[in-house]
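Start at 1 and go down the list; that is how both ligands and their atoms are numbered. FYI, side chains are in, hydrogens and waters are out, and symmetry mates aren't considered; it's all heavy atoms of this structure. Counting begins at 1 with the first residue of the sequence.
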Amino acid sequence: MTFSEYIGGVNYFYTDYKCNGCGICEKICLSGKIKMDGEKPVWIKDIFCYMCYVCINFCPQNLVQINDIPFVKSYTEENERYSCPYATSKDIEKQKFKGEF
Ligand code: SF4
Ligand code: SF4
C-alpha cells in the first residue's frame with residue numbers, strides 16, 4: 001500500500017462548485033491522476049498520486065482542497081497557497097511532457 005493510499009489519497013483532493021473548469025490541474029498533474037469530467041476535475045482512483053501538491057498550489061483559483069482524513073483536519077479552505085514564484089503552470093506542463101516526444 002502506498003503512503004497516499006494509506007492516508008486516504010484516493011479521495012484526498014476535491015474542488016468545489018466555484019471551479020471554472022479551466023483544466024489546468026489536469027494539464028499539470030505529473031502523474032496523470034487528474035482527468036476532466038466535463039467541467040470538473042476528477043482524481044482517478046486507480047492512478048498513483050505523487051503527492052507533489054502541484055494541483056493544490058497551481059490552481060489559479062486556489063480551489064483544489066484536501067479532504068479531512070480520520071484524526072487529521074485539513075485547513076486548505078482557510079490557508080493560502082505556496083506556489084514557486086519562478087515557475088508557472090505552463091512551465092510545469094512543459095516539464096511534464098519533456099522526453100516523451
Ligand atoms: S485548475 Fe482549479 S479552476 Fe481549473 S479546473 Fe482545476 S480545480 Fe478547477
Ligand atoms: S498531488 Fe500531484 S500527482 Fe497528485 S493529483 Fe495533485 S498534481 Fe497530481
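Between Arg81 and Phe58 the shortest side-chain heavy-atom distance does not fall below 4.5 Å.
Residue contact annotation: Cys22 places no N/O/S atom under 2.8 Å from atom 2 (Fe) of ligand 1.
Thr76 and Asn79 share no donor-acceptor pair across their side chains, judged by distance under 3.5 Å alone.
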Inset, instruction - Start with the C-alpha distance between Ile66 and Ile56, add both sets of side-chain angles, then the distance that settles side-chain contact (heavy atoms from CB on, under 4.5 Å), and finish with yes or no. - result: CA-CA 8 Å; Ile66 296 174; Ile56 290 186; 3.3 Å; yes
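Note on Met51: it clusters hydrophobically with Ile34, by side-chain heavy-atom contacts below 4.5 Å among ILVMFWY residues. The same ILVMFWY cluster, assembled from side-chain heavy atoms under 4.5 Å apart, contains both Val64 and Tyr53. Both Tyr50 and Ile24 belong to a single network of hydrophobic side chains, linked directly or stepwise wherever heavy atoms of I, L, V, M, F, W or Y lie under 4.5 Å apart. When hydrophobic clusters are built by joining Ile, Leu, Val, Met, Phe, Trp and Tyr residues whose side-chain heavy atoms come closer than 4.5 Å, directly or via intermediates, Ile28 is grouped together with Phe48. In terms of hydrophobic clustering, with Ile, Leu, Val, Met, Phe, Trp and Tyr side chains grouped at heavy-atom distances under 4.5 Å, Val42 and Ile47 are assigned to a common cluster.
Proximity of a side-chain donor or acceptor of Gln65 to a complementary backbone N or O of Glu77 within less than 3.5 Å is detected.
Shown are the protein N/O/S atoms under 2.8 Å from atom 6 (Fe) of ligand 2, given by residue and atom: Cys55 SG.
Scanning all protein heavy atoms for the shortest distance to atom 5 (S) of ligand 1 gives Gly23 N, 3.3 Å. Ranking the protein heavy atoms by distance from atom 8 (Fe) of ligand 1 puts Cys19 SG, 2.3 Å first.
When Ile24, Asn62, Thr15 are ranked by how near their heavy atoms come to atom 7 (S) of ligand 1, first place goes to Thr15.
Each of the atoms 1 (S) of ligand 1 lies under 4.0 Å from some heavy atom of Pro60. The distance from ligand 1 to the heavy atoms of Asn20 drops below 4.0 Å at these ligand atoms: 3 (S), 4 (Fe). Taking a cut-off of under 4.0 Å to the non-hydrogen atoms of Cys59, the atoms of ligand 1 that pass are 1 (S), 2 (Fe), 3 (S), 7 (S). Close approach to Gln61 involves these atoms of ligand 1, each under 4.0 Å from a residue heavy atom: 3 (S).
The distance from atom SG of Cys55 to atom CZ of Phe13, rounded to the nearest 0.5 Å, is 4.5 Å.
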